[in-house]
Amino acid sequence: MLRKFLTLLLLFTGAIAFPQLNTGTLLEEMTDMVRLAEYPSPGFETTQFSSYDRRSVAPDQPGWFGNADGFGGEPIPGFEEVLQEPGEDGVGKYLICDVAGPGAVVRLWTARITGNLEVFIDGEEPALYSGPAQEFFYNTYDAIAGTEGVYNQEAIFWQNTAGYYPIPFEKRLRLVWEGKLKELHFYHVQVRKYSPGTQIRSFSKDDLKSFSKEISGVQNILTDPMGAIPPEGEKTVLSALVDPGSSQPLGIIKGEKAITTLSVRIRGVDMDRLLRQNILKIRFDGASSAQVQSPVGDFFGAAPGINPYHSLPFSVLPDGTMICRFFMPFRDSVNLEIENLGGSPAHVYAEVH
């Protein structure tokens, strides 16, 4: 009781600091599977600023299906505000976003954007970044670093024209685009807005060096999740022969535990049909209906057939092994079952850690 009282006293007097969010913690969060099973703390809401067609207001209003969202020459400029009207050369200044902190940029996207961009953190001058908009959206950390370092890993932080380079800010984020409205300017800026009072260390250029370990760690995990995240915890091996039109339990695991890795293989005739017609059901803590209910191949992202790939939550191997790394906690028990809706038997093998 005395220890609890002293801890509370220290918290209220500020002698114990609350955890601080920064570039490093946001990077580590990108590969923390356990966090996905918990309510975020501190809490946040996510908002997006984009070049959507400003005529698209409501389904019952004209322009709902408008698609002038960055091609250039749209009837209404696709920005939050016109800061400077275009001059004789057609160049003007436009506000992409102005967000009060605490917060963090967590996603950027563009199909193509011309012109220049200025990025201001906490209202400080000079700008964190001032240069070609395309470079910032595609190679964010490289663009900020300039010639001092190379941080870009297109297969890691930048995928399919979207970039996931966290940029936290304590007080304010402001993005200003300078360019010609007749030219391409597609953009998304996805921002987390944290609860008031959240302690955040604003991004600075020095973060690219001071958090180089975290950058490398995320790169290693996302590049090779199989090697970087070995199965953790006690292993339970399950198997069943599931006849057509029947359901067969794979097994029950009891206790206050969590699934950290689930691996499944199916053998039989016509893999395309087996993966689609056999349903994986996972029931936690005696629930009346399964919380997971999906064709096996669809659950692991393999169907139709076995299509090998690696990602952080899922891997599919050439030998047909399908792996899930989503963290799935349970209080009392977990029950795994296969229902065969097809016309041929399915031999099912599973490993649960």
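Hydrogens, waters and symmetry mates are skipped; everything else that's a heavy atom, side chains included, is used. Bear in mind the structure is a predicted one, so any value in this text is a computation, not a measurement.
Ring to ring, Phe137 and Trp109 are not that close: their centroids are 6.0 angstrom or more apart.
The distance from atom CG of Leu250 to atom CG of Leu238, rounded to the nearest 0.5 Å, is 6.0 Å. The line from CD1 of Ile167 to CG of Leu173 is 8.0 Å long, rounded to the nearest 0.5 Å.
For residues 105-134, the set of pairs meeting the salt bridge (charged side-chain N to carboxylate O under 4.0 Å, His left out) definition, not counting sequence neighbours, is empty.
Not counting sequence neighbours, Tyr94 has no partner by the side chain to side chain donor-acceptor pair (under 3.5 Å) test. Partners of Ile253 according to the side chain to side chain contact (heavy atoms under 4.5 Å, CB included) rule, which considers only residues two or more places apart in sequence or in another chain, are Thr236, Lys257, Phe330, Val334, Val352. Every side chain to side chain contact (heavy atoms under 4.5 Å, CB included) that Ser51 has, sequence neighbours left out, goes to Phe186, Tyr187.
Under the 3.5 Å distance criterion, the side-chain polar atoms of Asp98 are left unmatched by any main-chain donor or acceptor of Leu95.
Taking a cutoff of 4.0 Å between a charged side-chain nitrogen and a carboxylate oxygen, Asp207 and Arg201 qualify as a salt bridge. A salt bridge links Glu80 with Arg54: the distance from a Lys NZ or Arg NE/NH1/NH2 to an Asp or Glu carboxylate oxygen falls below 4.0 Å.
Residue Leu21 belongs to a hydrophobic cluster whose other members are Leu26, Phe44, Tyr194, Ile200, with links defined by side-chain heavy atoms closer than 4.5 Å. By the 4.5 Å side-chain criterion applied to Ile, Leu, Val, Met, Phe, Trp and Tyr, Ile323 is assigned to a cluster that also includes Met226, Leu317.
Using a 30° and 60° split on the angle between ring planes, Phe314 and Phe300 fall in the perpendicular class, above 60°.
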